[in-house]
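Single-structure report; data block below.
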Amino acid sequence: MDALRRAPLVTAVAVATVFVAVLVTGLFAALLGGGERLVAAWAGDVPVSVYLVPGADLEAAREAARRIAPGRPVEAVAPREALARLRASLGEEAGALDGLGEDVLPASVEVRTSGLGPAGVRELAARLRGVPGAAEVDFGGAWLERIATLLARARAVGVALLVAVALATAVLVSNTLRLAVYARRDEIEIMKLVGATDLHVGAPFVVEGALQGLLGAGLAVGALLGASAALLPRLRGALPLAAPLTRADVLPGGLLALLLAGGTALGVAASLLSLRRFLRRA
Amino acid sequence: MIQLFHVTKQYGTDAPALSDVSLEVRKGEFVFLTGPSGAGKSTLLKLIFCAEPSTSGQILVFGRNVSRIRPSAVPHLRRAIGVVFQDFKLLPHRTVAENVAVPLEVRGLHPREVARKVAVALRGVGLDLKGGRFPLSLSGGEQQRAAVARALVGDPALLLADEPTGNLDADRTLEVMALLEAASARGTTVVVATHDRALLARHKKRVIALEAGRMVSDGDSIRRAAGS
């Protein structure tokens with residue numbers, strides 16, 4: 001790191017710029033990844049309920065549901081059991097149900113959907129409409145679908161934003177590195193005059209840019225890992241819905257590798273941008 | 001070695017720095033390029049080592065038309081040319097030996113070979129004991145001798161010197177000119193740009209005179225000195 005010795009401030013600014021860009025990108029990706037993981041987990045917890053018309057054959061409906069969703073747990077819920085569940089869920093307010101007949105609630109068939117995303121649940125619900133005697137199919141996932149849609153839009157907007165952030169960072173870092181190149185313009189000029197190729201002159205700057213990018217990205221990845229280690233346990237403690245969230249969900253290894261590679265690529269791109277003018281001049 | 005055919009160089013809308021210059025320098029010749037400041041001496045040298053493109057005309061160096069040379073071929077052409085500048089152009093944060101080594105390093109020579117050639121070059125200019133010093137700790141004459149060593153270390157076929165004695169006193173001028181003549185005696189073609197008439201009078205060499213970008217005479221220094 002010859003540049004670090006000769007121009008420590010320029011190096012520090014370049015590293016800090018890449019650090020901020022990679023940190024922002026990583027945070028966004030972590031939030032998006034965590035959100036998608038939670039939506040998938042919540043979707044799996046919500047069963048698809050097929051409510052039957054009065055007098056429908058509950059056993060036949062359960063068999064039909066098993067055929068439609070092979071391998072998935074299917075439970076037949078008789079009206080009496082449905083009422084018992086409602087009583088249990090109401091707790092102290094259960095007295096409000098006193099006096100109602102045992103068959104006031106419709107019979108239903110419940111299909112578990114663990115492992116299916118919102119789209120899979122919706123598709124299964126559509127197929128379960130074919131259960132004989134089905135009056136209504138509820139997968140209680142309209143809100144999940146809205147969150148999933150929101151996440152999909154955030155992803156699209158995020159990708160556009162990240163491209164803009166990457167470009168802005170490349171320009172910003174290239175302007176910073178240009179100071180380093182400018183400080184060594186005499187050396188570049190003399191090397192060119194004695195027959196150095198652009199590759200020979202530019203290679204050290206590109207390597208320095210790559211190292212600065214890698215260093216900035218490495219620090220950002222370290223900060224992201226530190227933040228996830230500190231915040232995830234608290235989030236899980238404060239929000240039971242976030243219980244399934246792990247570090248690998250929020251910051252998977254692939255994402256971390258991508259951030260390191262992206263930071264390095266930013267450093268290389270910035271070096272090439274800053275060198276272009278000087279090499280042309282000499 | 002060098003051939004110019006009707007070469008013109010113009011910067012923007014200014015008057016041409018060089019106008020319709022044609023000349024030939026043969027292999028092994030020692031040539032002075034002279035004229036007042038702004039005559040076009042430095043511009044002519046820059047065109048020869050491809051630091052600038054000509055506006056029109058053809059320039060052949062080692063038989064290659066440098067007016068049409070690909071940018072990627074320029075470094076290889078320059079490796080056969082040594083250049084000495086009035087302001088030395090030594091890198092201040094590198095030692096004298098490291099400065100002299102630069103032309104060899106860019107060619108990718110083995111460090112051992114670089115060290116051997118640098119030692120020979122420094123001995124040739126009498127700086128073998130000052131290779132570890134930094135340029136700014138040397139006198140002007142010593143710095144110029146280091147610059148000559150850097151220009152000659154790669155055994156160039158052509159040596160271009162742009163006012164190499166412009167910053168030196170009379171004794172240091174003699175030293176540097178002796179080095180250039182020694183290179184010429186070893187077969188290197190030498191072109192020296194200078195406005196120093198005393199230099200022309202002292203060294204009996206071919207003199208090409210430029211004025212306002214035009215070539216006004218081409219002959220030996222004795223005739224030139226007598227005519228001026």
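As a basis for the values below, the full set of heavy atoms in this structure was taken, side chains included, without hydrogen atoms, waters or symmetry mates. Below, chain A is the first sequence line, B the second, and so on; all start at residue 1. This structure is a prediction, so every number in the text was calculated from the model and none was measured.
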Heavy-atom pairs under 4.5 Å with chain A, option from B/Pro156, B/Gly154, B/Pro103 with the top count: B/Pro103
Proximal component of B/Arg150, with respect to chain A [non-hydrogen, under 4.5 Å]: side chain
Atom NE2 of A/His200: over 12 foreign heavy atoms under 6.0 Å: yes
A/Arg247 atom CZ: more than 12 heavy-atom contacts under 6.0 Å: yes
Taking every non-hydrogen atom, the tightest pair across A/Lys192 and B/Arg78: O-NH1, 2.9 Å
Heavy-atom proximity to chain B below 4.5 Å, by part of A/Ile190: side chain
For chain B, the option from A/Asp186, A/Thr197, A/Val201, A/Leu199 that forms the most heavy-atom pairs under 4.5 Å: A/Thr197
Pairwise side-chain contact, B/Val106 with A/Val194, heavy-atom cut-off 4.5 Å (strictly under): yes
A/Met191 and B/Glu105, any side-chain heavy atoms less than 4.5 Å apart: no
